[in-house]
K.L.:
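Input: one structure, supplied below.
Remember, it's a predicted structure, so these values are computed and weren't measured experimentally.
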Amino acid sequence: MLDFKDLGVHYRKVRESRGYTMGDVTSDNLNKSQVSRFENGTQMLLLDGFMHAIKGLNMTASEFFLTIGNFEGGNLHRFGEKLQSYIVTQDIEGLKALILPKPRTKEKKIFNILAKCAIKDLSGRNVLTDEECLFIDKHLTDIEEWTVFDVNVFAMVLETLDINLVYQLGLDLLKKDKFYKKLPYNAHIVKRTVVNLYVHMILHRKFNYADV
């Protein structure tokens, strides 16, 4: 059984493994000092603060505790609803309004990329920078275990990634099925993503990849 000091240490390991800085996980409800004291084992977060800390990792509580072995990304869901509404109405200007000029956190950088991917799908115009393509490539390849957030992001940025990388990431996703099978909702998301991946390979005439 973990005490709060061990829990803070574990939280830091998960945060770092996902490539998130303290600034990435802070919000109006949780500041850097609180996160630092929690990770250093000098102060436990209250339940509300702890849930905000997990949310900052773009994980559900179930996903976080599963990483310990004892046991829906909210922001992506809200952003996704706005994104989807603009896609359905083919509102390019609305999508452009979602793009932040100077995103500071990893999450906001990812959201910018998702909005630009939607613009590309609707208009054919590619407004993604090489830096953004490298960023999302690194984000997906560096994380050891994907959460629902990462799986959804992967499904939404397929067109920005090299087809060979898409294939390799798809294989890696299938190899991690043990992690997802423990959380039924996650397993559903993975299955949906694999179907999208299959269609993506067919559309790009990579029939030998789609057959795997």
K.L.:
More than 12 heavy atoms of other residues, nucleotides or ligands under 6.0 Å from NZ of Lys82: yes or no?
P.N.:
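Result for NZ/Lys82: open.
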
K.L.:
For the pair Asn31 (side chain) and Ser33 (backbone), establish whether a donor and an acceptor sit closer than 3.5 Å, ignoring hydrogens and angles.
P.N.:
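Such a contact is found between Asn31 side chain and Ser33 backbone.
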
K.L.:
Does some side-chain heavy atom of Ile143 sit less than 4.5 Å from a side-chain heavy atom of Phe149?
P.N.:
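Heavy-atom side-chain distance check fails, nothing below 4.5 Å.
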
K.L.:
For Thr42 and Arg37, indicate whether the former's side chain and the latter's backbone hold a donor-acceptor pair under 3.5 Å.
P.N.:
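Yes; judged by distance alone, with no hydrogens or angles, the pair exists.
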
K.L.:
Quick one, Ile110 and Val157 - any side-chain contact, counting heavy atoms below 4.5 Å?
P.N.:
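No, their side chains stay 4.5 Å or more apart.
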
K.L.:
Heavy-atom count around Glu16 CD within 6.0 Å, excluding the residue itself: above 12?
P.N.:
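Enclosed.
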
K.L.:
Within the structure provided, determine whether Leu7 and Phe64 are in side-chain contact (heavy-atom separation under 4.5 Å).
P.N.:
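Yes, side chains in contact.
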
K.L.:
Salt bridge between Lys120 and Glu159, side-chain N to carboxylate O under 4.0 Å?
P.N.:
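Looking at Glu159 together with Lys120, the answer is no, because their closest N to O distance does not fall below 4.0 Å.
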
K.L.:
Do Ile136 and Leu100 sit in the same hydrophobic cluster, where Ile, Leu, Val, Met, Phe, Trp and Tyr count as joined when their side-chain heavy atoms come under 4.5 Å apart?
P.N.:
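Different clusters: Ile136 never reaches Leu100 through Ile, Leu, Val, Met, Phe, Trp or Tyr contacts under 4.5 Å.
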
K.L.:
Side chains of Gln43 and Phe38, heavy atoms from C-beta outward: is any pair under 4.5 Å?
P.N.:
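No. Closest side-chain heavy atoms not under 4.5 Å.
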
K.L.:
For a side chain to side chain contact (heavy atoms under 4.5 Å, CB included) check, start with the C-alpha distance between Thr129 and Phe135, then their side-chain angles and the critical distance, and finish with the verdict.
P.N.:
CA-CA 10 Å; Thr129 65; Phe135 173 85; over 6 Å; no

K.L.:
Counting only N and O atoms by type, is there a donor-acceptor contact under 3.5 Å from the side chain of Ser36 to the main-chain atoms of Lys32?
P.N.:
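It does not hold such a pair.
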
K.L.:
To the nearest 0.5 Å, what is the distance between CG (Leu169) and CG (Asp137)?
P.N.:
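It is 7.5 Å, given to the nearest 0.5 Å.
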
K.L.:
Please answer whether the main-chain N or O of Glu81 pairs with a side-chain N or O of Gln84 as donor and acceptor at a distance below 3.5 Å.
P.N.:
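Looks like no, no N/O pair under 3.5 Å.
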
K.L.:
For residues 17-24, please give each side-chain donor-acceptor pair under 3.5 Å, one per line with the distance, not counting sequence neighbours.
P.N.:
from  : atom 1 : to     : atom 2 : distance (Å)
Ser17 : OG     : Lys13  : O      : 3.4
Ser17 : OG     : Val14  : O      : 2.8
Arg18 : NE     : Leu57  : O      : 2.9
Arg18 : NH1    : Asp150 : OD2    : 2.6
Arg18 : NH2    : Leu57  : O      : 3.1
Arg18 : NH2    : Asp150 : OD1    : 3.3
Arg18 : NH2    : Asp150 : OD2    : 3.1
Tyr20 : OH     : Asn58  : ND2    : 3.0
Thr21 : OG1    : Gly23  : N      : 3.3
Thr21 : OG1    : Asp24  : N      : 3.1
Thr21 : OG1    : Asp24  : OD2    : 3.2
Asp24 : OD1    : Lys106 : N      : 2.9
Asp24 : OD2    : Thr21  : N      : 2.8

K.L.:
Without hydrogens or angle criteria, can the side chains of Asn164 and Gln168 be said to hold a donor-acceptor pair below 3.5 Å?
P.N.:
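No.
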
K.L.:
Can you tell if the side chain of Tyr11 reaches within under 4.5 Å of the side chain of Val35, non-hydrogen atoms only?
P.N.:
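Yes, side chains in contact.
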
K.L.:
Is the shortest side-chain heavy-atom distance between Ile54 and Thr60 below 4.5 Å?
P.N.:
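A side-chain contact under 4.5 Å is absent here.
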
K.L.:
Can you name the residues that form a salt bridge (charged side-chain N to carboxylate O under 4.0 Å, His left out) with Asp142, not counting sequence neighbours?
P.N.:
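With neighbours one apart ignored, the set is Lys138.
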
K.L.:
Check whether any side-chain heavy atom of Asn40 lies under 4.5 Å from a side-chain heavy atom of Arg12, and answer yes or no.
P.N.:
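The answer is yes, as the side chains (C-beta and beyond) meet within the 4.5 Å cut-off.
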
K.L.:
What pairs meet the ring pair (Phe, Tyr, Trp, His ring centres under 6.0 Å) rule with one or both residues in residues 88-131, with sequence neighbours excluded?
P.N.:
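Residue pairs with at least one partner in residues 88-131: Phe79-Phe111.
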
K.L.:
So, for Leu98 and Asn112, which heavy atoms are closest and what is the spacing to 0.1 Å?
P.N.:
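Shortest heavy-atom contact: O-OD1, 3.8 Å.
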
K.L.:
Under the side chain to side chain contact (heavy atoms under 4.5 Å, CB included) rule, what do Leu165 and Thr141 come out as? Steps first, then yes or no, please.
P.N.:
CA-CA 9 Å; Leu165 176 61; Thr141 53; 3.7 Å; yes

